[in-house]
2 protein chains.
Amino acid sequence: MANDRPNQGQGIGLKAVADELGLSQSTVSRALRNHPSIPAATRERVAQAAKRMGYAPNARARGLAIGRTEAIGLVFPLERLRLVQTNFVDVLSGISDVVTERGYNLLLSPFRDDEASVLRRLATSRMVDGLIITRPLVHDPRIRLLADTGIPFVVHGRSDVDIPYSYVDVDNFEIFRRLAELLLDYGHTRIAALNSYRRFRYAAARAAGYRAAMDSRRQPVDPDLVLETAMTEEDGVACAARLLSLPEPPTAIICGSIFLAKGVYRAAAEAGLQIGRDLSVVAHDDQLRGISAADFVPALTATQLSVEMAGRRLAEILIDRIEGKLGDDPVGEVSRPDLILRESVGRR
Amino acid sequence: MANDRPNQGQGIGLKAVADELGLSQSTVSRALRNHPSIPAATRERVAQAAKRMGYAPNARARGLAIGRTEAIGLVFPLERLRLVQTNFVDVLSGISDVVTERGYNLLLSPFRDDEASVLRRLATSRMVDGLIITRPLVHDPRIRLLADTGIPFVVHGRSDVDIPYSYVDVDNFEIFRRLAELLLDYGHTRIAALNSYRRFRYAAARAAGYRAAMDSRRQPVDPDLVLETAMTEEDGVACAARLLSLPEPPTAIICGSIFLAKGVYRAAAEAGLQIGRDLSVVAHDDQLRGISAADFVPALTATQLSVEMAGRRLAEILIDRIEGKLGDDPVGEVSRPDLILRESVGRR
DNA sequence: TTGAAAGCGCTAACAA
DNA sequence: TTGTTAGCGCTTTCAA
């Protein structure tokens with residue numbers, strides 16, 4: 001025997017219900033899942049008995065039989081959960097919503113350093129039906145890894161790899177391009193950019209967008225004004241302080257996140273500069289819960305795009321794919337940001 | 001046939017490895033799991049082949065065979081993830097840590113309203129080996145529900161039910177008692193308490209602790225000074241404003257959370273009151289990431305106890321229980337808080 | 001030390 | 001409309 005406690009020691013299984021009613025397991029199984037071949041009368045009897053006896057299907061056995069678990073996985077660095085200033089919880093919130101709506105479960109797999117092995121294990125063990133990965137690098141090895149296992153997956157963001165894959169992304173090039181052009185329109189030329197680390201594809205795209213805007217106006221790009229940093233308030237303070245102490249400081253700053261912008265506001269206040277008059281600030285806003293560009297004083301001009309909505313789309317696409325509701329071709333969605341003009345920008 | 005793509009369409013299974021080596025499935029299975037009956041030589045050969053062929057065990061099948069999944073579940077209201085001011089993420093972080101260390105997976109099941117059915121489904125479907133539940137009510141029906149299914153579970157907090165269960169809790173009675181006594185020691189008698197909703201066991205315990213302290217000093221409890229509220233900064237502002245506009249306002253306020261305290265600080269500032277001189281404030285501090293009682297101005301006197309550590313213990317106890325490392329008797333752990341004196345309290 | 005075979009609880013093809 | 005039967009991929013007993 002494989003197990004000394006049949007049926008996990010508890011359960012009323014299909015067998016018990018079938019015996020009780022003098023039916024076969026398969027009839028009971030079909031009745032419970034509303035198979036058309038089962039007449040209403042039988043279906044009713046079975047439903048009654050199942051309920052009375054407290055029958056609950058065993059997900060492990062069902063998963064093995066149908067080849068699906070009805071769960072999707074999300075692998076992420078433990079750190080991101082700990083971070084206070086992160087959009088991770090908002091993405092997760094969007095994913096959770098859809099997962100609930102569609103009757104799936106969400107398997108969270110945190111990792112400390114070796115993401116690849118966690119991903120591989122999850123994918124090949126068929127513990128989940130599909131996976132979501134986030135924050136891809138410019139050339140992200142995870143995509144090939146997952147494609148090779150054959151498991152359905154969706155990427156939050158894009159990566160420059162030569163295999164097709166599904167993704168949900170925002171137009172990061174456009175985000176920084178528009179923010180830079182806005183500032184150029186207002187007469188600024190010494191425009192600083194606080195960007196994330198360029199190994200991440202989204203940051204690389206933003207850097208390119210910034211450069212494109214500057215190039216199109218024949219403005220030189222001063223490398224001292226382009227900083228790579230984490231997206232937190234503290235880093236915003238530090239970067240701004242550094243920029244403002246330059247011999248020829250910027251008159252405007254583009255921030256990759258709203259947290260960064262908050263830090264810049266603080267640094268400006270300390271330096272006695274008034275935002276919108278002495279220093280212009282713009283940012284990209286993920287529309288996170290609990291912090292709003294409109295509530296900044298003065299209100300912050302920003303591109304905006306809900307990252308929670310992105311979470312929703314990620315889960316929707318993944319589940320559709322798992323259920324075969326999408327063709328075999330990968331789908332990609334790129335949202336373009338709205339630019340909301342508020343009071344943090346002034347003429348130079 | 002049950003499935004038109006045997007082995008999920010991909011996988012190198014035990015069978016393939018066995019055939020390759022001219023061994024039986026069972027030998028390969030045992031070799032891979034270091035069964036003592038397998039000689040080192042064979043074990044080695046098998047390990048090589050498995051690696052070379054890219055064998056990965058199918059978790060669904062394994063789970064079915066051994067009756068375990070090596071995953072634990074956490075059911076929580078979708079809302080809590082969305083909340084900015086919540087200790088949920090910190091608890092989750094502690095749980096994640098341990099889950100990773102022990103090689104388990106964490107299944108997050110968000111729900112919108114019908115928690116009971118989500119719990120029951122998770123428990124009876126044997127999708128996970130054990131469950132953690134949080135924020136129990138004074139009489140929490142979930143405990144009986146889970147106990148009836150027979151699944152191992154641990155509660156973050158206690159509940160007054162007459163069945164044994166495992167829990168990790170803090171001494172909430174003691175927390176409010178000590179905070180109140182401290183204020184009484186400083187000569188305060190009009191002491192307000194901002195507590196959570198008393199249907200939650202922890203809030204009920206805190207209310208009792210407050211009352212016990214007052215009673216022991218023969219101080220009457222003014223119902224106007226005891227407020228039930230959510231634990232956010234906004235609510236802190238609102239409650240404090242209300243208390244300060246009383247005909248006979250309190251001279252000291254006990255806050256159930258550090259967020260609440262933050263709001264009280266704000267309201268005091270608006271009212272032109274100086275914390276520590278015109279108004280004394282104390283709080284309980286869950287030691288959340290990103291907000292520290294020591295950083296308040298003036299620094300906040302508080303009881304403290306790491307809620308992340310509680311998360312760790314919850315997972316440790318649950319997994320030990322699943323693996324049979326604990327006896328059959330439930331275990332309960334109650335931590336007592338440290339009281340850290342800072343500058344937010346003054347003599348009346 | 002190894003293999004054959006049964007079984008975990010469920011689904012589904014096929015036959016009746 | 002229902003039952004029989006053969007899996008899903010793995011573990012484990014039992015026998016060799």
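Given the structure is predicted, the values throughout are model-derived calculations rather than measurements. Naming convention: chains lettered A, B, ... in sequence-line order (proteins, then strands); numbering from 1 in each chain.
Taking atom CD1 of residue A/Ile12 and atom P of nucleotide C/dC10, one finds them 11 Å apart after rounding to whole Å. The nearest whole Å value for the distance from the CD1 atom in A/Ile66 to the P atom in C/dA13 is 13 Å. For A/Leu32 and C/dC10, the CG to P distance is 10 Å, given to the nearest whole Å. Per the geometry, CG belonging to B/Leu64 stands 11 Å off P belonging to D/dT11, to the nearest Å. Between the CZ atom of B/Arg68 and the P atom of D/dT12 there is a distance of 10 Å, given to the nearest Å. In this entry the distance linking CG of A/Leu14 with C1' of C/dA12 reads 13 Å, nearest Å. Atom CE of A/Met127 and atom P of D/dC8 are 20 Å apart (whole Å).
Contact annotation: B/Arg126 does not reach the phosphate of C/dC8 (side-chain N/O to OP1 or OP2, under 4.0 Å). Between B/Arg60 and D/dC8 there is no side-chain polar atom (N or O) within less than 4.0 angstrom of OP1 or OP2. Using a 4.0 Å cut-off, no side-chain N or O of B/Ser29 falls inside it from OP1 or OP2 of D/dC10.
Under the rule for a salt bridge (charged side-chain N to carboxylate O under 4.0 Å, His left out), B/Arg199 has no partner lying at least two apart in sequence or in another chain. Under the rule for a side chain to side chain contact (heavy atoms under 4.5 Å, CB included), the partners of B/Arg142 that lie at least two apart in sequence or sit in another chain are B/Glu115, B/Leu119, B/Ile133, B/Pro136, B/Asp140. Shown here are the side chain to side chain contact (heavy atoms under 4.5 Å, CB included) partners of B/Ala47, two or more places apart in sequence or in another chain: there are none. Legend: residues meeting salt bridge (charged side-chain N to carboxylate O under 4.0 Å, His left out) with B/Arg201, ordered by chain and number and at least two apart, are B/Asp160.
When atom types are taken as modelled, the side chain of A/Thr149 and the backbone of A/Ile151 share a donor-acceptor pair closer than 3.5 angstrom.
When each of D/dC10, C/dC10, C/dA12 is scored by its nearest atom to the side-chain atoms of A/Asn58, the top-ranked nucleotide is C/dC10. The nucleotide whose nearest atom lies closest to any side-chain atom of B/Ala65 is, among C/dA12, C/dC10, D/dC10, D/dC10.
Using modelled atom types and a 3.5 Å distance limit, the side chains of A/Asn87 and A/Arg80 yield a donor-acceptor pair.
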Using a cutoff of under 3.5 Å, can you pull out all pairs of nitrogen or oxygen atoms linking the protein to nucleotides 2-4 of chain C, with atom names and distances?
from, atom 1, to, atom 2, distance (Å)
C/dT2, OP1, B/Thr42, OG1, 3.3
C/dT2, OP2, B/Thr42, OG1, 3.4
C/dG3, OP2, B/Ser24, N, 3.0
C/dG3, OP2, B/Ser24, OG, 3.2
C/dG3, OP2, B/Thr27, OG1, 2.6
C/dG3, N7, B/Arg30, NH2, 2.7
C/dG3, O6, B/Arg30, NH1, 2.9
C/dG3, O6, B/Arg30, NH2, 3.4
C/dA4, N6, B/Ser26, OG, 3.1

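Among residues at least two apart or in separate chains, salt bridge (charged side-chain N to carboxylate O under 4.0 Å, His left out) pairs with a member in residues 93-103 of chain A are A/Asp97-A/Arg312, A/Asp97-B/Arg82, A/Asp97-B/Arg112, A/Glu101-A/Arg312, A/Arg102-A/Asp320, A/Arg102-A/Glu323.
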